[in-house]
Amino acid sequence: MTTHWNRKDQHIHLAEMQYNETSSNGLDEVRFIHQSFSEIKTDDVKLNTTLGSLSLDYPFFINAMTGGSEKAHVINQNLAMIAKETHLAMAVGSVSVALKEPSTIESFKVVRKNNPDGLIISNLGAHHSVDSAKRAIDLLEANALQIHVNTPQELVMPEGDRDFTNWLSNIERIVKNVQAPVIVKEVGFGMSKETIQQLLDIGVGVIDVSGRGGTNFIHIENERRDHKEFDYLLNWGQTTAESLLEAHFYRKQADFIASGGIKNPLQMLAAFGLGAKAVGISGEFLHMILTKGNQVSIEQIESWKEELTFLMTMIGAKRIVEIERKPIVLSPDLVNWCTQRHIN
Ligand code: FNR
């Protein structure tokens with residue numbers, strides 16, 4: 001077993017261990033106003049959405065998690081079967097390990113094998129070359145590529161990167177030289193309007209703000225350290241709701257994905273209300289397949305589709321993009337965030 005294999009298994013184990021820890025992604029602080037006359041019927045509601053040139057049948061998807069170990073192979077196989085059955089899009093975890101260690105390639109390829117016609121998204125870190133980005137896409141015959149930005153995780157990870165000087169210019173090169181759509185994503189620390197402006201300046205059109213309030217990689221990497229020095233840093237970053245508010249001004253210039261602690265259709269609705277066009281879910285799906293198995297997970301996903309349709313009917317929204325036009329009220333904390341950050 002190499003260190004990579006160990007790290008991937010530890011991430012899965014520690015993410016599942018922290019599943020029940022209470023932390024808030026802020027989406028429960030967004031309330032829709034109940035209206036007595038929705039004036040639409042459930043059959044009017046369509047759940048499909050778009051992210052740049054990508055068309056998704058459903059507005060929530062299986063976000064990046066794993067690959068690169070035997071355990072990850074099994075998880076990816078199960079997730080791919082669920083994605084195929086439910087027509088959800090699916091991202092894999094970073095394929096970096098597969099580019100370095102060919103013996104791990106199958107743990108990623110299994111995703112395409114089990115879902116030949118599905119929408120599959122590859123994933124790499126921000127320091128990789130254009131050539132690696134192209135290989136990452138080819139490996140999975142992927143429809144898009146996610147580039148993750150995860151500075152706090154790298155720094156708390158004992159064996160992580162320490163030099164972040166070339167990330168932006170590197171992402172710019174990838175965006176300009178790769179044919180497939182490129183999505184830049186955080187990994188649970190959220191984004192700011194300054195970051196979003198930088199991404200727009202280099203031509204990024206789809207951004208996953210991946211905020212705080214779900215899987216916490218400072219916590220996970222800290223648990224892997226001998227002395228757990230970073231206990232005080234667990235609240236670092238913007239919540240998912242705060243990140244979407246940061247993105248508010250840029251909604252016409254890019255398509256935003258919300259992720260970070262999303263657990264049910266009402267939180268999805270709140271994310272769409274704040275302008276997201278799709279929702280990514282990792283920790284919740286990991287927990288689901290590990291504790292309930294594939295069949296119950298498929299039933300849960302099918303139920304969520306129906307529940308989301310009901311919620312959209314309640315607020316009179318026939319399409320995902322209509323949800324952000326419905327009146328909402330924010331908690332005092334979120335209003336305070338907007339005031340201090342000059343967001344209106
Ligand atoms: C992740 N995440 C992640 N993201 C990424 O871009 N590349 C990766 O390799 C991984 N690896 C990974 C492993 C595991 C076990 C989990 C649970 C998550 C981060 C993920 O895509 C997402 O941004 C965050 O987890 C926040 O969403 P949730 O988990 O709170 O829904």
Side-chain angles (χ1 to χ4, degrees), residues 4 6-27 60-69 71-72 74-76 78-79 89-99 104 107-108 111 121-128 136 140 142 144-154 157 160 171 182-191 206-221 223-224 237-241 243 256-264 267-268 271 276 278-290:
H4 286 301
N6 281 323
R7 182 163 87 218
K8 301 297 171 178
D9 288 350
Q10 283 177 334
H11 283 171
I12 293 164
H13 172 70
L14 292 167
E16 176 59 7
M17 291 279 286
Q18 76 175 201
Y19 173 79
N20 272 326
E21 285 180 21
T22 49
S23 69
S24 167
N25 62 14
L27 290 173
F60 58 96
F61 66 93
I62 302 170
N63 213 352
M65 271 187 275
T66 202
S69 74
K71 188 170 180 174
V74 175
I75 289 176
N76 271 346
N78 287 326
L79 290 172
M90 172 179 170
V92 297
S94 175
V95 303
S96 176
V97 57
L99 301 184
T104 65
S107 67
F108 293 96
V111 171
I121 306 169
S122 195
N123 185 295
L124 265 190
H127 64 278
H128 284 274
L140 288 162
L145 174 68
Q146 288 178 330
I147 300 288
H148 63 261
V149 287
N150 62 340
T151 315
Q153 178 186 5
E154 294 292 342
M157 189 191 307
I171 295 175
V182 174
I183 301 167
V184 175
K185 75 182 285 286
E186 258 291 344
V187 299
F189 304 113
M191 282 196 193
V206 185
I207 299 172
D208 180 347
V209 296
S210 200
R212 198 187 84 211
T215 306
N216 181 335
F217 268 97
I218 289 179
H219 189 190
I220 289 175
E221 297 300 349
E223 286 297 307
R224 296 181 58 241
Q238 286 86 259
T239 65
T240 306
S243 302
F256 288 93
I257 298 168
S259 69
I262 294 173
K263 287 186 159 38
N264 62 52
Q267 293 199 336
M268 294 180 202
V279 157
I281 299 174
S282 297
E284 184 66 29
F285 280 143
L286 180 66
H287 182 69
M288 227 186 249
I289 62 158
L290 292 180

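In each ligand, atom 1 is the first atom listed, and ligand 1 is the first ligand listed. Any value given below was found using the heavy atoms of this structure, including those in side chains, with hydrogens, waters and symmetry copies removed.
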Original post:
Nearest to atom 31 (O) of ligand 1, what protein heavy atom do you find, and at what distance?
Top reply: Ser282 N, 3.0 Å
Original post:
What is the nearest protein non-hydrogen atom to atom 9 (O) of ligand 1, stated with its residue, atom name and distance?
Top reply: Ser94 N, 2.9 Å
Subject >> Val95 side chain reached by Asn123 side chain, heavy atoms, under 4.5 Å >> reply: no
Original post:
Tell me, which protein residue and heavy-atom name are nearest atom 18 (C) of ligand 1, and how many Å apart are they?
Top reply: Phe217 CE1, 3.6 Å
Original post:
Looking at side-chain heavy atoms only, is the closest gap between Asn63 and Gln146 below 4.5 Å?
Top reply: yes
Original post:
Where do Ala64 and Ala91 come nearest, in terms of heavy atoms and distance?
Top reply: N-CB, 3.6 Å
Original post:
Looking at Ser210, which atoms of ligand 1 are within less than 4.0 Å of one of its heavy atoms?
Top reply: 22 (C), 23 (O), 24 (C), 26 (C)
Subject >> atom 29 (O) of ligand 1: nearest protein contact (heavy atom, Å) >> reply: Thr215 OG1, 2.5 Å
**OP:** Return a yes/no value for Gly261: is any of its N or O atoms, backbone included, closer than 3.5 angstrom to an N or O of ligand 1?
**Re:** yes
Subject >> Per-residue contact class, Ala15 against ligand 1 - non-hydrogen pairs under 4.0 Å >> reply: side chain
**OP:** Check for a donor-acceptor pair, side chain of Asn25 on one end and backbone N or O of Gly261 on the other, with a separation under 3.5 Å.
**Re:** yes
Original post:
Is there side-chain contact between Arg224 and Arg7, with heavy atoms separated by less than 4.5 Å?
Top reply: yes
Original post:
Looking only at N/O atoms, are Glu284 and ligand 1 under 3.5 Å apart anywhere?
Top reply: no
**OP:** May I ask you to test the Leu286-Thr66 pair for a side-chain heavy-atom distance under 4.5 Å?
**Re:** no
Original post:
Would you say the side-chain atoms of Gln18 pair up with the backbone N or O of His219, donor to acceptor, closer than 3.5 Å?
Top reply: no
Subject >> Nearest protein heavy atom with distance in Å, relative to atom 13 (C) of ligand 1 >> reply: Met65 O, 3.0 Å
Original post:
Would Lys263 count as a cation-pi partner of Phe60, with NZ or CZ less than 6.0 Å from the six-membered ring centre and within 45° of the ring normal?
Top reply: no
**OP:** To the nearest 0.5 Å, tell me how far Ile218 CD1 sits from Asn150 CG.
**Re:** 10.5 Å
Subject >> Shortest protein heavy-atom distance from atom 2 (N) of ligand 1, along with the residue and atom involved >> reply: Ala64 O, 3.3 Å
Original post:
Counting from 1, what ligand 1 atoms have a heavy atom of Glu186 closer than 4.0 Å?
Top reply: 23 (O)
Original post:
Which protein heavy atom lies closest to atom 24 (C) of ligand 1, and at what distance to 0.1 Å?
Top reply: Val187 O, 3.7 Å
**OP:** Could you find the nearest protein heavy atom to atom 4 (N) of ligand 1 and give me its residue, atom name and distance?
**Re:** Lys185 NZ, 3.0 Å
Original post:
If we only count N/O pairs under 3.5 Å, is Gly283 in contact with ligand 1?
Top reply: yes
Original post:
Do Ile257 and Lys185 touch side chain to side chain, with heavy atoms closer than 4.5 Å?
Top reply: no
Original post:
Which bit of Asn123 is near ligand 1, meaning a heavy atom under 4.0 Å away: side chain, backbone, both or neither?
Top reply: side chain
**OP:** Could you list the atoms of ligand 1 found under 4.0 angstrom from a heavy atom of Gly214?
**Re:** 30 (O)
